[in-house]
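Below is one structure, written out as structure tokens; comments come after it.
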Amino acid sequence: MASAQGINGHAQQTVQASTNASTERVQVVNEDKTFTSELSGQIERWGLRDSGFNYNIVAVFGSQSTGKSTLLNRLFGTTFDVMDETRRQQTTKGIWMCRGKDMSAMVMDVEGTDGRERGEDQASASSHTSIELSLIVPPGLREEIRPFLPRFVRSTYCEYVGASSRSRTLLLFVIRDHVGATPLANLQATLIADLNRIWDTLSKPDELKDRQLSDYFDLAFTTLPHKILVPDKFEADVKTLRKRFTDKSDPGYVFKPQYHKRIPADGVAMYMSNIWEQVQTNKDLDLPTQQELLAQFRCDEISAGALAEFNEQAKSQKRPIESGRVVEGLGALMKNWRTQALTRYDRDASRYHKGVYTRKRGDLISVIDSTLSPLFLGQLKNAHKSCLVTFKKELLDGLKGDDYSFGDVVTKATKNCEETFTSVAKEALIEDTDWNWEEELEVIKEETRGIADQCRKDETKKMINQIERNVKKLISEPVEIQLSKPSTVMWDGVLKTFKEVLAKAEATYLAKAKSFNCTEEENTAALAALRKRSWIVLRGKIEEQTADQVLLGKLRGHFEEQFRYDEQGVPRVWKPEDDIDGAFVKAKEQTLELVPLYSRIKPSDPSLEFILDDDSSDDLANEEFEFASSLVVLSETKSLDLINKFRKDADAYFVEAKRSTVSSIAQIPYWMYGVLVVLGWNEAMAVLFNPLYFTFLLVGAAAAYMIIQLGLTGPLLQVTKTVAGEVQRQATVKLREALAQPVEAQPVRASRSRESSYYEEDSDRPRSISDLAEK
């Protein structure tokens, strides 16, 4: 019988218990043909539920009142009800089961096969259980045996022929009340002949028509003496027969592995229930199918239990993974959960139908792996992000300062990133899965290359900026010196200095660029950008030195040097006889010749010319830059404007020179000093000989001495001049107020008009060299 779920039991289904739980019996099928629901629990109470295949089942068949229950009690120590010898009536109704005493055996006591209509059904159902041994107890006479055999063979035929089963069952014929009139050998031959004849009369499929009874059944025969006539001999033979069930060393040991139907102990109840249901509904018995159904149910049940425990364990790491954290030792945890689930499944389900067990195990593995796969992918994703963050940090930390090798920093950071990710991925990978982490690693490699390339570009720009600042610093002073001394070779010096500085800058870049792993194309582009930006730096410095006011200052300085100083560099003091006009014209013409020289960058030596490719790209340089235009420093319009401004300044210098000659002519004659001495002699004597005047003279002289010694002459003169100017201003204001009286309004207006015109004329008068230049 296949074990299965018990159906709702009848009210009369009860567990007949004895004082010893191991010998409790249970009525599997009652007289109303109802299968009990207590069988599974009873098997557990017997302690056999977790026995797996380490158990045996024995069933007894035979006619009614042939001593089947008595034989079982003697052989296995069971507690089945036995017949009252005086009444000779049926005691076993339905099917009963009990555990053998001190044995891992479940013993079935079946109602006599000639007991009403259900006898054959019960014999049929019992024969299809996971029975390794069928004890057949026929009466002692051959004529009484024959009516029983056809029913039993037909019932067992459904199991083996109908299902093409290759399993075997031992049929042990125990001939009771054997008095020795007929030898056992003769009875054995007769029974085998009858069984074969019955077998031949059965309808078989074409593919099995040549099969013999011996292909499916092993037959064994034994006898027992009469229990009433020779009780001692009966008990002794029973003990001998019991050894065949308990002693594995006995040559006639019957519980051999080939007879086991491979139904786990925890599935016996359900298997039997399914068989009984098949019998009741008159369905063809397909025992392998029943075994598969049992296996499917139990394997699903076992799988669900293992999966529930597994899901509970996996749930603990789901939230950390979803939060973006890399779980330490996740792979070991997942492998442990998986192993535990499969171990639990294998322990309980491997006893069932191998095909179903294997298939359900595959399904369980698939479900487990589908649950673990998101954790694995999440771990890879989190490790991916973490490794990139660490990579960027290591890269930036390694690039701090000036003494570093970009290539070494990138190589080290990349290696650490890939090794860390690989370590996490390998640890999280579970064998025997189709999971893959190499593709994710390739994505990381691509991203790290992108980050490194971008960082390299940034570092290249940073380096170029630093080199540009150095170029600006190095050319600033030389360019300023060259442009402050205008000459025909002025631009030669500027460009020579620029080329020298540029060559050093390019050498510096190439030396540092070796560690950047830059390609030739990248180096070429970077050098072109460096040259362009260096030229722009030079051009900016030139523009700074050729601004309007700066250049006018340079022109004025050159003009003054030529006009105010002689060939020896001595300042000139103009005399009336000097050729001021000629010197002025010469100095002005020499100075004006400098304007075209400043207007364009053009060396006198053609080898010093600098040529720049306008196509060189640099996203930091001016995109509107044009090299040909940058060679022009001063446009024609700007040059004319500078010339006009310079001429005004030069004219002012000329007027000042002319005034200096006039002031030298208007000097006081020397004889006038003698006249002043003669005319002022008496007044001088009066001061010297008058004590009061003399005292004032001494005080004044002392005050003058102190002022000179303390250097207060200038400030005193300035204060005096300021006070005098303020007095003059106040006097002028008072005079104007006095002249503005209404009595003489008209004359006053005329006077004001004249005064205003006077002041306007006076305001137009040049008060200094710059005012004269403006005029």
Side-chain angles (χ1 to χ4, degrees), residues 16 18 20 23 25 27 31 58-98 100-103 105 107-116 119 122-123 126 133-149 151-152 171-191 194 219-247 250 252 254:
Q16 305 298 324
S18 66
N20 191 346
T23 58
R25 56 186 176 173
Q27 188 176 26
E31 54 269 31
V58 179
V60 65
F61 305 103
S63 301
Q64 181 177 321
S65 302
T66 55
K68 298 187 298 298
S69 300
T70 301
L71 178 59
L72 294 180
N73 291 340
R74 291 288 195 282
L75 288 175
F76 301 104
T78 55
T79 57
F80 296 121
D81 291 337
V82 297
M83 179 185 67
D84 188 344
E85 296 290 343
T86 60
R87 301 176 63 180
R88 302 289 298 180
Q89 64 180 14
Q90 180 184 12
T91 57
T92 303
K93 297 181 180 180
I95 301 175
W96 290 79
M97 181 179 285
C98 186
K101 186 177 181 180
D102 300 328
M103 300 173 64
V107 183
M108 298 177 63
D109 188 10
V110 183
E111 181 179 339
T113 55
D114 53 351
R116 295 185 291 179
Q122 291 166 354
S126 299
L133 172 65
S134 296
L135 280 176
I136 301 173
V137 186
L141 298 177
R142 174 186 173 199
E143 288 75 10
E144 295 178 355
I145 295 176
R146 288 176 178 169
F148 158 74
L149 292 178
R151 289 195 292 267
F152 181 79
L171 302 180
L172 177 56
F173 288 82
V174 181
I175 303 174
R176 284 277 307 272
D177 302 337
H178 183 251
V179 295
T182 303
L184 177 61
N186 294 343
L187 290 175
Q188 178 176 333
T190 301
L191 288 174
D194 288 342
L219 306 179
F221 300 87
T222 188
T223 61
L224 288 176
H226 201 287
K227 179 177 179 294
I228 303 299
L229 299 179
V230 282
D232 295 336
K233 179 64 174 173
F234 176 82
E235 295 296 338
D237 288 354
V238 168
K239 290 181 180 180
T240 302
L241 180 60
R242 176 179 170 83
K243 290 183 179 180
R244 298 181 66 178
F245 297 94
T246 58
D247 188 0
D250 191 291
V254 296

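All figures in this text were calculated on a predicted structure; none of them were measured in a lab. Below, all heavy atoms of this structure are taken into account, side chains as well, without hydrogens, waters or symmetry copies. In this chain, numbering begins with 1 at the start of the sequence shown.
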Legend entry - Contacts of Phe234 that satisfy ring-ring contact (aromatic ring centres under 6.0 Å, His included) - sequence neighbours left out: none
Closest heavy-atom contact between [X] and [Y]?
| X | Y | value |
| --- | --- | --- |
| Pro225 | Val230 | CB-CG2, 3.5 Å |
| Val60 | Leu72 | CG1-CD1, 3.3 Å |
| Ser69 | Asp81 | CB-O, 3.2 Å |

Legend entry - side-chain contact (heavy atoms from CB on, under 4.5 Å) partners of Ala220, counting only residues at least two apart: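 For Ala220, the residues satisfying side-chain contact (heavy atoms from CB on, under 4.5 Å) (neighbours in sequence not counted) are Leu170, Leu172, Arg244.
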Inset, instruction - Sequence neighbours left out, what passes side-chain hydrogen bond (donor to acceptor under 3.5 Å, both in side chains) with Arg242? Give chain and number order. - result: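 By the side-chain hydrogen bond (donor to acceptor under 3.5 Å, both in side chains) rule, Arg242 matches no residue at all.
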Inset, instruction - Please name all residues satisfying side-chain hydrogen bond (donor to acceptor under 3.5 Å, both in side chains) with Asp250, sequence neighbours left out, ordered by chain then number. - result: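 Here no residue qualifies.
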Roughly how far, to the nearest 0.5 Å, is [atom2] of [Y] from [atom1] of [X]?
| X | Y | atom1 | atom2 | answer |
| --- | --- | --- | --- | --- |
| Arg25 | Thr78 | CZ | OG1 | 9.0 Å |
| Leu191 | Leu219 | CG | CG | 9.0 Å |
| Leu224 | Leu75 | CG | CG | 7.5 Å |
| Lys227 | Glu235 | NZ | CD | 7.0 Å |

Inset, instruction - Dump the intermediate steps for side chain to side chain contact (heavy atoms under 4.5 Å, CB included) on Ile95 and Met108, then the final yes or no. - result: CA-CA 7 Å; Ile95 301 175; Met108 298 177 63; 3.6 Å; yes
Inset, instruction - Sequence neighbours left out, what passes salt bridge (Lys or Arg N to Asp or Glu O under 4.0 Å) with Lys233? Give chain and number order. - result: Asp237
Legend entry - Aromatic ring pairing Phe245/Phe76, orientation class (parallel under 30°, perpendicular over 60°, tilted between): perpendicular
Legend entry - Side-chain donor or acceptor of Asp109 paired with backbone N/O of Trp96 under 3.5 Å: no
